[in-house]
Asker: 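Please find one structure pasted underneath; my questions will follow.
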2 protein chains.
Amino acid sequence: MEELDRTATARLRQSGQRYTDSRAQLVHLLSTSDRPLTIPEILNERTGMPQSSVYRNLAVLEDAGLVQRVASSDDWARFELAEDLTEHHHHQICTKCGEVRDFTLPHHLETSLDDCLSSVATATGFTLQHHRLDLVGLCESCTS
Amino acid sequence: MEELDRTATARLRQSGQRYTDSRAQLVHLLSTSDRPLTIPEILNERTGMPQSSVYRNLAVLEDAGLVQRVASSDDWARFELAEDLTEHHHHQICTKCGEVRDFTLPHHLETSLDDCLSSVATATGFTLQHHRLDLVGLCESCTS
DNA sequence: CTCAGTGCAAAGGATTTGCATGCCG
DNA sequence: CGGCATGCAAATCCTTTGCACTGAG
C-alpha cells in the first residue's frame, strides 16, 4: 500500500500534480475493490467528495497513468487501477444490469494469446499497448 | 445481401416492426463497412436522414438483434452488424483518435479461447453470451 | 382507419468547465 | 506569493423523447 502511494506520488509529480488526500482516497478505494467502480459508487463510499472533484481527480489520475476507465454495457464510466498496478485480469460484463466483475485466465492461455496478438498488431502496423478480453453475458443475479 | 434483407425483415417482424427504407439503408451501410461506424459517420454517408431517426432506427435494429453497439475509447457509440450476421472478429482500438478497425484471430486460438472462457463462465455462475477481445493501442496514423 | 415510422425541436443526463476561494510548497 | 486543488453552479454534448404529421397495410 505504501508502495502504491509512492508510485502514485511519483507519477503525479511527473504530470506536475500533487498526491492529495482526495486522490489518495480514490486510489485506495479502487485498489481495495475487486471490480471497477462507477462514479455513484465512489460517491457513496466517499461521502463528502463532490462529483466534480471525483471526476476531475479521476481524470488527473488517468492522465498520470494510475487509473483507467472501463467500458461497460450501461452508460456509466467505471474506473479501476491501471493495469500495471494490479494483477492482469479481465472482466465479466452483465448485459442486463451493467455490473462488471474481475476474473483471470490460466497463464498459458494468456501467454499464447499475447504472442498471437503481438503478431497481429505488428502485421497491421498497430502499436499494441495492451489487450482487453471481456466476457459478455448475464451475471448470476440477472440469470432468472 | 438479399439473404441479409430477409433475415432483417424476419427479425424485425418478430419485434412487431417493419423493415423500412431507412432501416435497410442502415443495415446495408453497416454490412459494407470493415469497421464499426459512429453516428456522425453514418449521417455523412446517408445525408438526408435526421439524427433522431438514425438513433431511433439503430435502437430498433439493436432490439431486433440485427445491430450491436461497440464501445470505444472516445465517447461516441459505434455500431456494427450483429455477431451472427458477420464473421466473428475483434477490434483494434486507437487510444488517441478512437478509431476502431476489425481483425480476426487464427481459428485454433479462437477455439481454445472459447473453451476456456466457457469453463470460466460456468465456474462463476455467469451465463456467457459472447466474448469481446480488443487490441488497445495506437493506429498506424497516430503512431508518430 | 390504425398504428408504426419520421422529423423537428426540446428535454435528459452523465460529464466537463468557469470562476472564486483555499491551501501546499 | 504562485499555482495546484477544491466546490459550487452553470454549461456541454451525445443521446433520448414529445408531439404532430405521413404513409403503409
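So that the names make sense, note that chain A is the first sequence line, chain B the second, and so on, each numbered from 1.
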Asker: Is the shortest side-chain N/O distance from A:Asn57 to OP1 or OP2 of D:dA5 below 4.0 Å?
Answerer: no
Asker: Output the rounded distance in Å from CD (B:Gln17) to C1' (C:dT6).
Answerer: 13 Å
Asker: Which parts of nucleotides 11-25 of chain D does protein reach within less than 4.0 Å, heavy atoms only, written one letter per nucleotide 5' to 3' as B for base, S for sugar-phosphate only and - for none?
Answerer: ---SBBBB-------
Asker: Should B:Thr20 be listed as having a side-chain N or O under 4.0 Å from OP1 or OP2 of C:dA4?
Answerer: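 No, B:Thr20 has no side-chain N/O under 4.0 Å of OP1/OP2 on C:dA4.
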Asker: Between B:Pro36 and B:Glu80, which heavy-atom pair has the shortest distance, and what is it?
Answerer: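 What the structure gives for the nearest pair is CG-OE1, 3.6 Å.
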Asker: A:Gln68 and A:Glu62: which non-hydrogen atoms are nearest, and at how many Å?
Answerer: CA-CG, 4.4 Å
Asker: Between D:dA5, C:dT6, C:dA4, which nucleotide gets closest to the side-chain atoms of B:Ser53?
Answerer: C:dT6
Asker: Within this structure, what is the CG-to-P distance between B:Asp74 and C:dT15, rounded to whole angstrom?
Answerer: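 From B:Asp74 CG to C:dT15 P: 15 Å.
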Asker: For B:Asp21 and C:dT6, give me the distance from atom CG to atom P, rounded to whole Å.
Answerer: 9 Å
Asker: Return the NE2 to CG distance between A:His91 and A:Leu133, rounded to the nearest 0.5 Å.
Answerer: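 Here the interatomic distance stands at 10.5 Å.
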Asker: Mind telling me whether B:Tyr19 and B:His28 have parallel, tilted or perpendicular rings, with 30° and 60° as the class edges?
Answerer: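 Answer is perpendicular, since the angle exceeds 60°.
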Asker: Go through the structure and list residues passing side chain to side chain contact (heavy atoms under 4.5 Å, CB included) with A:Ser112, not counting sequence neighbours.
Answerer: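 Partners of A:Ser112 by the side chain to side chain contact (heavy atoms under 4.5 Å, CB included) criterion, ordered by chain and then number, come out as A:Leu109, B:Leu109.
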Asker: Could you tell me how far apart B:Arg13 (CZ) and C:dC3 (P) are, to the nearest whole angstrom?
Answerer: 19 Å
Asker: Send over the distance from A:Met49 CE to D:dG7 C1', rounded to a whole Å.
Answerer: 12 Å
Asker: Take atom CG of A:Asp21 as the centre, draw a 6.0 Å sphere, and report whether it contains more than 12 heavy atoms from other residues, nucleotides or ligands.
Answerer: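 No, because the 6.0 Å sphere around CG of A:Asp21 holds 12 heavy atoms or fewer from other groups.
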